[in-house]
Engineer: 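This structure is in structure tokens; I'll ask about it shortly.
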Amino acid sequence: MSNYLERGYLEREDLPPFPPEERLTSGKPVAYIECVQPIPCSPCYESCRFDAIQMDNINDPPKLDYEKCTGCMACIRVCPGLAIFMLQIKDGKGYVTIQYEFLPWLQKGDRVKLYNRKGEEVGEGTVTWALNPERNDRTQLVTIEMNKDLIYEVRAVRKR
Amino acid sequence: MRLESHPIVDFKRGKEVTIYFNGKPVKAYEGESVAAALYAAGVRVFSRSFRFHRPRGFFCAIGKCSQCMMEVNGVPNVRTCKIYVKDGMQIRTQNSIPDAENDALAIFDKIIDTVFPHGSHYKKFNRSAKLRELATKQMRKLAGFGNPPKSVPDVDAEYEVIETDVAVIGGGPGGMSAAIHAGKYGARVIVMDENPFLGGQLVKQTHRFFGSAKERAGTRGIKIAKILEEELLSYDNVEVRKETKVFGVYGNEVAAVEKDRKLLRIKAKKIVIATGAYERTLIFENNDLPGVYGAGGVQTLMNVYGIKPGERGLIIGSGNVGLILTYQLLQAGVDVAAIVEAMPRVGGYFVHAAKVRRLGVPIYTRHTIVRAVGNKKVEGAVVAQLDDRWQPVPGTEKKFDVDFICVAVGLSPAHELLYHVKAQMKFVPELGGLVPLRTRYNETSVEGIYVAGDVAGIEEATAAIMEGRIAGLHAAMSLGYGGEDVKKELEEAVKDIEAFRAGPFGERICHGLEKCTLEKEVSL
């Protein structure tokens, strides 16, 4: 077994395969699920209307079919583990959508610091879209524009 | 110290009132517990330990630990975390001269170790019973238990006899779910809870819950409490008594006190005990210093009353409670220095660990806390690495400057009432301690007494809701309610909980349950 539980974060070899480049640049974001441990949880599976998420039983970690995923964001809205991210590459820029639950709430145009899975600062980005937190039971969804290589790395943001 | 804004919770504070702490006025808001109001005002020393007169702060904040006991309006030994502020309330610390903050008898703490090392009172003065009695008497005098009131309070007490089908003790997720599912099929139900609110510990769970959509996964605990309460109140045959403390179960009768003055005698055909659990503590140097809190205590302070526990904390234990609490502290703007875990890996769900790790909180596995540092309150903590035999490795000590330490090392079932009914108990480590033997339908060895939630074994709220459902359905069914429908739902409920526990996190629970399941099969 991998030792991600000793570290508290995933390394490259623990992660599910990344979505193919064509899908990332197809014009719609694609979900990326970093939920590798079997735990009794299934709201993402139940929220997906396109059968893109596969689960054999409630304890099975979700598997995502990138071809079926339409980028509708139903799963990221409900994920209690904040483990789903929407990824996209557009005009040579990378975009990551994450669940954000801190004050102050983020707004379009805000500059934010970017952090990787270990909590190390890896750069800066700009908020290009922010859902009103009231519309998703106070879990704000925010899309951050960044260097396109960082979309596999950045998993948290903080306002500067 | 009071939070004005929070990403998830809106704190609705009541009218401003003034309470008096050792004669000094303290500002508070209606709806706050006395302990919370004092904490917000900067009070850290709530009491003094009986024997050594060491300073003590609160620990659990849910009325179980007795470290916050004070004299309130002349009545001694009141748990201040369970009593709510009223204008003009007089609160005094007890067992100390002149007060708990500056106790003259604290001198014993300094000199006593040279004469009577810690624990020696178990060995000294034991030669003869007479000598022991004499020594105990003198020690008690020094220790003290507060001063009894000088006159009998002049208030009217009422008495009420209630007859019902099902009595549910505890209004948390397990109890509410039991009441809902018994009430749904027509049984008359009464639910009692010692708090002025329903929901048990759900009221401080601001995070979204795991599970399946049927168990309302993806919904915040605080919302689940509201949803359950609304459903419960929608049944006319379900009665709710808040601020009602059950103090005994005698056969099929439940004895309780409502709002501190009304005695209730409930004659019930079935009783569901859903009393929850206590927080465990950990042994390390200075673990009684104010600033060493149970994880739940900090959650109560922060998420129920909107009071910051401190500026920077250290979390001991990386189970789900420790991980979730860390995230909640960050949300409230409190810094977390680190999470310390004695096991070689994170105990809770990995996704919770990932959530705090990417926000920069380090997790030290194979580490433990060695001591808390500080005089009258926590000023730091020393942590060391553990070797394969769980011994601290010399030279690996790290010091953290923190002003509070959260102990999140698990819970134990609150099982007192089960002894009242003489239920057969068993020590099952997988379930957190002493638990009752029970059938697959959660009936204990005593007919008509059911258990649900943490009192039956430590799991979490979703499992408590499922267990409550099973207990409630079976109670209603055995009273003849519901016919075929209730049988069908009961079978489904048992299947649901089995599926829920089928994963690796349920393995330990299932292993524990094997040891305490009664083979008394009840025909459906």
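Labels below follow one simple rule: chain letters A, B, ... track the order of the sequence lines, proteins then strands, and each chain is numbered from 1. Here the structure is a predicted model, which means the values were calculated and not measured.
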Engineer: The test is side chain to side chain contact (heavy atoms under 4.5 Å, CB included); show your working for Val142(A) and Thr97(A) and say whether it passes.
Structural biologist: CA-CA 5 Å; Val142(A) 288; Thr97(A) 305; over 6 Å; no
Engineer: Just give me the residue among Cys79(A), Ala83(A), Pro38(A), Ser47(A) that pairs up with chain B most often, heavy atom to heavy atom, under 4.5 Å.
Structural biologist: Pro38(A)
Engineer: Among Asp60(A), Leu103(A), Leu10(A), Val36(A), which has the most heavy-atom pairs under 4.5 Å with chain B?
Structural biologist: Leu103(A)
Engineer: With a 4.0 Å cut-off on N to O distance, would you call Glu492(B) and Arg469(B) a salt bridge?
Structural biologist: yes
Engineer: Is chain B contacted by the side chain of Cys44(A), its backbone, both, or neither, given a heavy-atom distance below 4.5 Å?
Structural biologist: neither
Engineer: Shorter than 4.5 Å, heavy atoms on both sides: which option in Gly503(B), Gly333(B), Ala354(B), Ala332(B) has the most such pairs with chain A?
Structural biologist: Gly503(B)
Engineer: I'd like to verify something: which residue of Lys355(B), His207(B), Arg220(B) has the highest number of heavy-atom pairs under 4.5 Å with chain A?
Structural biologist: Arg220(B)
Engineer: Considering only heavy atoms from C-beta outward, does the side chain of Arg366(B) approach that of Asp388(B) to under 4.5 Å?
Structural biologist: yes
Engineer: Without hydrogens or angle criteria, can the side chains of Glu430(B) and His511(B) be said to hold a donor-acceptor pair below 3.5 Å?
Structural biologist: yes
Engineer: For Ile339(B), is it the side chain, the backbone, both, or neither that has a heavy atom closer than 4.5 Å to a heavy atom of chain A?
Structural biologist: neither
Engineer: Side chain to side chain donor-acceptor pair (under 3.5 Å) with Lys68(A): which residues, sequence neighbours excluded?
Structural biologist: none
Engineer: What part of Phe209(B) gets within 4.5 angstrom of chain A, counting heavy atoms only: side chain, backbone, both, or neither?
Structural biologist: backbone
Engineer: Using a cut-off of under 4.5 Å on heavy-atom pairs, state which of Tyr9(A), Trp105(A), Phe102(A) scores highest against chain B.
Structural biologist: Phe102(A)
Engineer: Are side-chain N/O atoms of Glu460(B) and Asn320(B) paired as donor and acceptor at under 3.5 Å?
Structural biologist: no
Engineer: With a 4.5 Å heavy-atom cut-off (strictly below), which parts of residues 128-140 of chain A touch chain B? List them by number.
Structural biologist: Asn136(A), Asp137(A), Arg138(A), Thr139(A)
Engineer: Side chains of Thr396(B) and Gln385(B): is there a donor and an acceptor less than 3.5 Å apart?
Structural biologist: no
Engineer: Looking at Ser5(B), Ser212(B), Ala353(B), Gly360(B), which has the largest count of heavy-atom pairs under 4.5 Å with chain A?
Structural biologist: Ser212(B)
Engineer: Do Thr365(B) and Arg345(B) pair up side chain to side chain, a donor and an acceptor below 3.5 Å, judged on atom types alone?
Structural biologist: no
Engineer: Among Arg77(A), Arg117(A), Glu120(A), who wins on heavy-atom pairs under 4.5 Å with chain B?
Structural biologist: Arg117(A)
Engineer: Quick check for you: among Phe505(B), Phe500(B), Phe350(B), which has the greatest number of heavy-atom pairs under 4.5 Å with chain A?
Structural biologist: Phe350(B)
Engineer: Do the two ring centres, one from Tyr152(A) and one from Phe18(A), sit under 6.0 Å apart?
Structural biologist: yes
Engineer: Top residue by heavy-atom pair count (under 4.5 Å) with chain B, among Val78(A), Asn57(A), Leu82(A)?
Structural biologist: Leu82(A)
Engineer: Name the region of Glu46(A), side chain, backbone, both or neither, that has any atom closer than 4.5 Å to a heavy atom of chain B.
Structural biologist: side chain
Engineer: Any side-chain heavy-atom pair from Leu325(B) and His352(B) closer than 4.5 angstrom?
Structural biologist: no
Engineer: So which of Ile363(B), Leu323(B), Leu330(B) has the biggest tally of heavy-atom pairs under 4.5 Å with chain A?
Structural biologist: Leu330(B)
Engineer: Can you find a side-chain donor-acceptor pair between Gln37(A) and Tyr4(A) that sits under 3.5 Å?
Structural biologist: no
Engineer: Non-hydrogen atoms of chain B under 4.5 Å away: do they reach the side chain of Ile58(A), the backbone, both or neither?
Structural biologist: side chain
Engineer: Taking the six-membered ring for Trp, is the centroid-to-centroid distance between Phe210(B) and Tyr349(B) below 6.0 Å?
Structural biologist: yes
Engineer: Would Arg312(B) and Asp401(B) pass as an ion pair if we require N to O under 4.0 Å?
Structural biologist: no
